[in-house]
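In this text, all values refer to a predicted model and were calculated from it rather than measured experimentally. The chains referred to below are lettered A, B, ... by the order of the sequence lines, with proteins before strands, and numbering in each begins at 1.
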Amino acid sequence: MGTRYLHREEGKRAHRPRSKDMSEQMQATHWADIYADKIIREKGPKARYTCASGITPSGTVHIGNFREIISVELVARALKDKGCDVRFIYSWDDYDVFRKVPKNMPNPTLLETYLRKPITLVPDTTGRAENYARANELDVEKILPVVGIHPEYLYQAERYRSSIYAEGMRTALEHRAEIKAILDEYRTTPLPDDWWPISVFSSFTDKDTTTILGWDGQWGVTYRDDETGQTETIDLRTTPYAKLPWRIDWPMRWAREGVDFEPAGKDHHSEGGSFDTSKKVVEVFGGKPPVSFQYDFISIKGRGGKISSSSGEVISLYDVLEVYTPEITRYLFVGTRPNTEFAISFDLDVLKIYEDYDNCERIYFGLLPVNEKRRAKEKRIYELSQVGEVPTEPSYQIPFRHLCNLLQVHGGDIDAAIATLDGVTPGQMDRLKVRCQCAWTWISTFAPEDFKWHLATASDKPLALEGASLASVRALVPEVEKLDEYDEKAFAERLYAVAAEAGLEGPEFFKTVYLVLIGKERGPKLAGFIKTCGKEKILPILRRY
RNA sequence: GGGCCGCUAGCUCAGCUGGUAGAGCAGCAGACUCUUAAUCUGCGGGUCAAAGGUUCGAUCCCUUUGCGGCUCACCA
């Protein structure tokens, strides 16, 4: 997973050796660069910096969770761009307890019998993977490479169950009073005197409904299964059943992995939240808290109708990638400071986002002159938005809205639509196709009705036209046959001539032709529209009259 | 109760480390022998929530207040 970055580094050196860029780099105004600087400043020079992220895969990993992942990836990239060696770890906290059956899961009755067990032992009733947690993990692991993210995954169930953290758990037990004091600072009711900084799944039932009875001061922990009443003594060095509760688990892993940077949501970052206590608890493990920041939530806009929020369905990275290309998906996050909330839109805003991105790209390639400050800013945003190495040529910038119409001309046939475009270079083709797929998904699924239409076909039943309307449509045929002889303006003049000769006012004529062609009273500006469609598509429709 | 974040043109927001504010949409005007436009052009004096403070100078820093939102104090 490191090689991709290596290529990217090489690419950058090859393409941007100008000294002007160096001074721009120095200023570091992008938030990812600012945090990279801060990490280096606070952690000092290191052979390798560790950036971490993670989540409990207790349900579909949604786009809000993705914000943390990409935030870390961007800071990791920024560190690499400064020449640092970086380890980017992603923790699947899949030894956490299954506490609630999510909505819309098949076979909820079966799932209910697994409550209180670790999610990694819960069956996947969707049949996608060997267990419930793994199914959620796989969804993410499969899609992240699409947006250029390649973390090193750490599976906590596997790690705990193989007793990798035996030392950590023992350390926690040894510092029980100290940890309790830290946690109690913020609790309304203090932890009980018989509290232990460790939790145990029952070896009899796999559930966490257990009570710790004692610790022998070494590796032995005795617990009771609250359901069956059985007791057992386990050895931390060999048992798969013990783990640390979250507020201790997190700092223990900071210390163990030497985490230098890990952001977190606002739920963790409040005073008394888990980041707050963890940065104190981590000292017990001989570590230091990572540099961090708080990222805000993400909302969704413009998916009314398709998704009902009450259904329990959530928007994932996969859904976003249906409408936004990988680099534009990154761009959404790159261009927004992490501590501000924003909405990912599926409505008309999509057009503007594409336009903004294209502008950013034009600025990067010097095709759109702006002042130095703006240029430096957009340039960095463009770089960080790229999935892999920064392209050497701009993409084929067909406006999204125009692309939607072009695709509708061809009924969604992407190859046919692309075939009508001039000057697409081989290097642009892949990105253009992805943009086409996104445009087609958007226009056919999320666009307002006003934007949607489809061309009539020869097999459709013709409209019942008569009089001047019928005459005008018939008179249009010979003009369209000579379509290629006219430029757009000349053809527009012919359209007016046809209308006049048939005795129709302009508006009435246009309305008729739109009804004939796309079944709507209004449409794209007619002359250009017919030229875009081409006579091969238009004539069969008109000749039915 | 604690913490965090907002409050900027009618609307949505930029303004990233202080130099008397910008963009999109909407609106208005105009152009193309062309429509209720998939076009292009022009038009933006808004006490930057309020009051103090620091400064030569603050939307941007500090303090206080108001309004709105989120979050913690249970688990992860």
- Note on the structure: By nearest-nucleotide position on RNA chain B, the 5'-leaning member of A:Tyr514 and A:Glu341 is A:Tyr514
Could you measure between the two [atom1] atoms, the one in [N] and the one in [M], and give it in whole Å?
N     : M     : atom1 : value
B:G57 : B:C32 : C1'   : 50 Å
B:U47 : B:G42 : C1'   : 29 Å
B:C28 : B:A9  : C1'   : 15 Å
B:C16 : B:G6  : P     : 12 Å
B:G44 : B:C5  : P     : 36 Å
B:G19 : B:U63 : C1'   : 24 Å
B:A26 : B:G66 : C1'   : 30 Å
B:C34 : B:C7  : C1'   : 46 Å

Taking [X] first and then [Y], would you say they form a salt bridge - that is, a charged N and a carboxylate O separated by under 4.0 Å?
X        : Y        : value
A:Arg401 : A:Glu355 : no
A:Asp226 : A:Lys207 : no
A:Glu271 : A:Lys279 : no

- Query: Checking all strands, does A:Phe509 fall into the base, sugar-phosphate, or nothing category for heavy-atom contacts under 4.0 angstrom?
  - Reply: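 Touches nothing.
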- Message: Among A:Pro57, A:Pro118, A:Pro102, exactly one meets side chain to side chain contact (heavy atoms under 4.5 Å, CB included) together with A:Tyr132. Which residue is that?
- Response: A:Pro102
Grab the [atom1]-[atom2] distance between [X] and [N] for me, whole Å please.
X        : N     : atom1 : atom2 : value
A:Asp349 : B:A14 : CG    : P     : 13 Å
A:Asp33  : B:C16 : CG    : C1'   : 11 Å
A:Asp356 : B:C13 : CG    : C1'   : 11 Å
A:Trp31  : B:G15 : CH2   : P     : 13 Å
A:Asp37  : B:C16 : CG    : C1'   : 13 Å
A:Asp276 : B:U71 : CG    : C1'   : 12 Å
A:Tyr331 : B:A14 : OH    : P     : 13 Å
A:Leu74  : B:C16 : CG    : C1'   : 15 Å

Name all residues meeting the ring-ring contact (aromatic ring centres under 6.0 Å, His included) criterion together with [X]; count only those two or more places apart in sequence or in a different chain, and write none if there are none.
X        : result
A:Phe297 : none
A:Tyr357 : A:Tyr331, A:Tyr382
A:His269 : A:Phe275

- Query: Does NZ or CZ of A:Lys117 lie under 6.0 Å from the centre of the six-membered ring of A:Phe98, at an angle within 45° of the ring axis?
  - Reply: no
Partner set under salt bridge (charged side-chain N to carboxylate O under 4.0 Å, His left out) for [X], not counting sequence neighbours:
X        : value
A:Arg253 : A:Asp93, A:Asp249
A:Asp94  : none
A:Glu68  : none

- Looking at the side chain of A:Phe297, which of B:A14, B:U71, B:U35 is the nearest nucleotide? B:U71
Would you tabulate the pairs of protein nitrogen or oxygen atoms and nucleotide nitrogen or oxygen atoms of nucleotides 74-76 of chain B closer than 3.5 angstrom?
residue	atom	partner	partner atom	Å
B:C74	OP1	A:Thr188	OG1	2.7
B:C74	OP2	A:Thr188	N	3.2
B:C74	OP2	A:Thr188	OG1	3.0
B:C75	OP1	A:Arg187	NH1	3.3
B:C75	OP2	A:Arg187	NH1	3.4
B:C75	O2'	A:Arg99	NH1	3.0
B:C75	O2'	A:Arg99	NH2	2.5
B:A76	O3'	A:Asp96	OD1	3.2
B:A76	O3'	A:Asp96	OD2	2.9
B:A76	O2'	A:Thr56	OG1	3.2
B:A76	O2'	A:Asp96	OD2	3.4

- Query: For residues 333-344 of chain A, which residue pairs qualify under side chain to side chain donor-acceptor pair (under 3.5 Å), counting only residues two or more places apart or in two chains?
  - Reply: none
Below 3.5 Å is the cut-off: list the nitrogen or oxygen pairs between protein and nucleotides 30-34 of chain B, distance only.
residue	atom	partner	partner atom	Å
B:C32	O2	A:Lys525	NZ	3.2
B:U33	O4	A:Glu493	OE1	3.3
B:C34	O5'	A:Tyr496	OH	3.1
B:C34	O4'	A:Tyr496	OH	2.3

- Query: How is the base pairing of RNA chain B summarised as a dot-bracket string, given the Watson-Crick and G-U wobble criteria with both distances under 3.5 Å, [ ] for crossing and | for another strand?
  - Reply: (((((((..((((........)))).(((((.......))))).....(((((.......))))))))))))....
- If you draw a 6.0 Å radius around NZ in A:Lys100, do more than 12 non-hydrogen atoms from other residues or ligands fall strictly inside? no
Can you give each donor-acceptor pair under 3.5 Å made by side-chain atoms of residues 190-197 of chain A, sequence neighbours left out, with the distance rounded to 0.1 Å?
residue	atom	partner	partner atom	Å
A:Trp196	NE1	A:Asp194	O	3.4

Below 3.5 Å between N/O atoms, which protein atoms pair up with nucleotides 3-7 of chain B? Just atom names and distances, please.
residue	atom	partner	partner atom	Å
B:C4	O2'	A:Gln294	OE1	3.1

- Message: Quiz question: by atom type and distance under 3.5 Å, do the side chains of A:Gln156 and A:Trp92 form a donor-acceptor pair?
- Response: no
